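Only one structure is covered here, and it is reproduced in the block below.
These numbers come from a predicted model, not from an experiment. Starting from 1, each residue takes its place in the sequence as its number. As the structure lists them, so they are numbered: ligands from 1, and atoms in each ligand from 1.
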Amino acid sequence: MNEQQRKQMSQIRTEKPADVKSDQDNLKRIKNKTSDEFMQYFQTNYQPPSLRDAKKRGKEDVKVHYDFSIPEDLSNLGQGKKYMIRTYGCQMNEHDTEVMAGMLEDMGYQATTETREADIILLNTCAIRENAENKVFGEIGHLKPLKMENPDLILGVCGCMSQEESVVNRILKKHPFMDLIFGTHNIHRLPHLIKDAMFSKEMVVEVWSKEGDIIENLPRSRKGKIKAWVNIMYGCDKFCTYCIVPYTRGKERSRRPEDIIQEVRHLAAQGYKEITLLGQNVNAYGKDFEDIDYGLGELMNEIHKIDIPRVRFTTSHPRDFDDRLIEVLGQGGNLLDHIHLPVQSGSSSILKIMARKYTRESYLELVRKIREAMPEATLTTDIIVGFPNETEEQFQETLTLMEEVGFESAYTFIYSPREGTPAARMKDNVPMEVKKERLQRLNAIVNRQSKEAMEKYEGAIVDVLVEGESKKNPEVLAGYTKRNKLVNFRAPKSTIGEIVKVKITKAKTWSLDGELVEEAAEVKR
Ligand code: 5AD
Ligand code: SF4
């Protein structure tokens with residue numbers, strides 16, 4: 001690590017009370033008795049991750065590292081031991097969990113789903129809304145007795161919450177029995193951090209507030225053999241005024257196209273049937289390259305030629321969704337015409353205060369262009385209700401937009417203030433009761449539109465990628481159509497992992513029932 005990196009790194013260790021790992025009575029006594037001393041220590045020695053620093057986007061180049069490896073002395077640390085990772089939040093976190101699982105398995109750890117069996121438990125956290133954070137703090141509370149029983153258990157918090165100074169402070173102050181906190185830019189350091197947590201009596205805290213490099217060649221233990229996630233970029237520079245992500249995930253930085261293409265080819269060769277290209281704002285892909293003029297459209301055009309049946313991407317920002325991408329998506333083939341296009345609000349004035357940098361009209365124009373190139377495209381979205389000072393009229397504009405676009409599904413949220421973001425400092429005159437009532441009214445429309453979209457499939461034959469047994473009934477299999485509709489049907493288990501034709505017999509609000517067909521003349525997607 002060079003001097004500059006050292007400076008960019010927040011203070012990495014905080015002292016942990018003595019004998020934590022060997023004496024549980026001592027543990028209890030120290031935690032209760034010395035928490036003030038403990039805090040005093042932090043206040044003088046610990047510099048928390050800073051949202052203000054995160055907001056300053058530096059000019060220095062993003063470095064791509066190809067030299068990741070687990071040093072020999074760490075590669076056996078997990079022999080005979082078990083790990084568990086609880087994942088909260090988005091697909092990016094799910095995929096980070098696969099990377100951490102890959103590293104842990106390379107160190108000899110085996111996965112377990114039993115907390116009591118685990119030698120290390122990591123909480124991979126989400127900071128997007130307050131309730132996501134509350135869940136994690138609840139879980140930390142539940143884990144305390146396990147730590148009391150087994151002081152050798154390593155408990156860690158990682159993911160977006162660990163990038164927030166208030167969260168780190170709260171863990172330090174209220175949950176000093178935790179062993180490890182590490183940030184979203186420190187994932188590749190996990191083997192070292194585990195060693196530190198095992199062998200030192202201190203709580204290990206490593207949260208880099210630097211903007212993040214790209215680490216290639218990380219191991220991955222993927223969750224399944226049918227669908228895979230592929231990161232194409234990290235971070236976000238959009239700074240929507242309500243959103244914590246640009247602060248917790250660093251600046252926008254794109255993986256090199258050749259690295260992505262190689263990963264997709266490899267997945268295709270391994271027999272994966274579907275990949276989802278991942279990024280907080282995938283439409284900004286390539287904007288940070290200084291040597292080549294290359295965007296998501298070009299990347300999709302390359303991936304289009306790879307022999308993998310289904311390619312999705314998420315999440316899109318309407319602002320950066322350009323004509324080249326629309327043209328490439330119009331080619332169809334393995335590029336699926338389901339587009340998740342978060343709109344957040346139907347009111348141009350709310351969009352302005354959200355700093356989304358598009359209007360209702362320009363969003364509708366984008367939808368028109370997408371539909372022109374992909375007449376059958378399914379559109380889904382994210383919507384926030386109850387943004388500070390949202391009026392009934394502005395909310396009505398969201399309802400009318402929902403209908404005008406004909407979204408087939410939507411993730412809907414009540415606005416949640418996030419400390420350090422501009423919106424959290426805005427005065428808000430909308431009572432929570434009103435926000436809840438708006439959410440219900442919106443959801444009624446979302447449900448109706450979803451049901452109507454499902455009904456159009458009745459009697460049609462669709463291609464379904466069979467993922468496995470349905471959650472409710474192991475006799476029934478479940479899979480998704482190209483347009484991301486969940487289909488339940490009876491078929492031999494041997495079809496799992498295959499794309500089969502299914503005739504839709506019944507539409508429900510969120511899923512379709514169907515029956516397997518051998519041959520079909522015409523297939524609706
Ligand atoms: N409050 C509520 N919803 C939010 N989202 C992001 N930040 C907030 C917030 N502070 C929603 C947006 C985004 C989705 C991932 O989460 O709709 O698209
Ligand atoms: Fe958050 Fe906006 Fe970036 Fe999406 S585009 S991650 S909502 S700041």
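- Among the backbone and side-chain atoms of C243, none of the N, O or S atoms lies under 2.8 Å from atom 3 (Fe) of ligand 2.
- Residue contact annotation: R356 has a non-hydrogen atom under 4.0 Å from ligand 2.
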For D463 and R310, what are the C-alpha separation, side-chain angles and deciding distance, and is it a side chain to side chain contact (heavy atoms under 4.5 Å, CB included)?
CA-CA 11 Å; D463 281 336; R310 293 182 172 193; 4.1 Å; yes

Could you go through the side chain to side chain contact (heavy atoms under 4.5 Å, CB included) check for K238 and E252 one step at a time?
CA-CA 9 Å; K238 285 287 172 285; E252 283 174 359; 4.0 Å; yes

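- Judged by the 6.0 Å and 45° rule, K227 forms a cation-pi pair with Y480.
- The single protein non-hydrogen atom nearest to atom 4 (Fe) of ligand 2 is Q280 O, 4.2 Å, given as residue, atom name and distance.
- Taking every heavy atom of V245 and a limit of under 4.0 angstrom, the matching atoms of ligand 2 come to 6 (S).
- Aromatic pair Y411/F407: centroids not less than 6.0 angstrom apart.
- Proximity of I384 to ligand 1, defined as any heavy-atom pair under 4.0 Å, is confined to the side chain (atoms from C-beta onward).
- Under 4.0 angstrom from ligand 1, the non-hydrogen atoms of Y242 come from both its backbone and its side chain.
- Among protein heavy atoms, atom 15 (C) of ligand 1 sits closest to D382 OD2, 3.8 Å.
- By the criterion of a heavy-atom distance under 4.0 Å, neither the backbone nor the side chain of T421 is placed next to ligand 1.
- When only non-hydrogen protein atoms are considered, atom 2 (Fe) of ligand 2 lies nearest to C240 SG, 2.3 Å.
- If you number the atoms of ligand 1 from 1 as listed, the ones under 4.0 Å from a heavy atom of Y415 come out as 1 (N), 2 (C).
- Nearest protein neighbour of atom 10 (N) of ligand 1, counting heavy atoms only, is S416 O, 2.8 Å.
- Salt-bridge check for E452 with R448: passed, with a basic side-chain N closer than 4.0 Å to an acidic carboxylate O.
- From the protein, the heavy atom lying nearest to atom 3 (Fe) of ligand 2 is C236 SG, 2.2 Å.
- Across Y242, F239, Y247, heavy-atom proximity to atom 7 (S) of ligand 2 is greatest for Y242.
- Ring centroids of F313 and Y285 are separated by 6.0 Å or more, keeping the two rings apart.
- Residue contact check: P246 has heavy atoms under 4.0 Å from atoms 8 (S) of ligand 2.
- Heavy-atom proximity to R418, at under 4.0 Å, picks out these atoms of ligand 1: 10 (N).
- S348 places a side-chain N or O within 3.5 Å of a backbone atom of R360 that can act as its donor or acceptor partner.
- Using a 4.0 Å cut-off to heavy atoms of K238, the atoms of ligand 2 that qualify are 3 (Fe), 5 (S).
- In this pair, Y242 and F387 present their aromatic rings perpendicular. The plane angle is above 60°, beyond the 30 to 60° band.
- Atoms of ligand 2 found under 4.0 Å from any heavy atom of H317, numbered from 1 in the order shown, are 5 (S).
- Residue-to-ligand polar distances place Q344 within reach of ligand 1: an N/O pair is separated by less than 3.5 Å.
- The atoms of ligand 1 that sit less than 4.0 Å from any heavy atom of R129 are 1 (N), 2 (C), 3 (N), 4 (C), 5 (N), 11 (C), 16 (O).
- Within 6.0 Å of CD on Q331 lie more than 12 heavy atoms contributed by other residues, nucleotides or ligands.
- Note on R222 versus E263: salt bridge recorded, some NZ/NE/NH1/NH2 to OD/OE distance being below 4.0 Å.
- Neither the backbone nor the side chain of N281 comes within 4.0 Å of ligand 2, counting heavy atoms alone.
- Relative to the ring axis of F137, R170 places its NZ or CZ within 45° and under 6.0 Å from the centre.
- Formation of a donor-acceptor pair under 3.5 Å by the D322 side chain with backbone atoms of L325 is found in this model.
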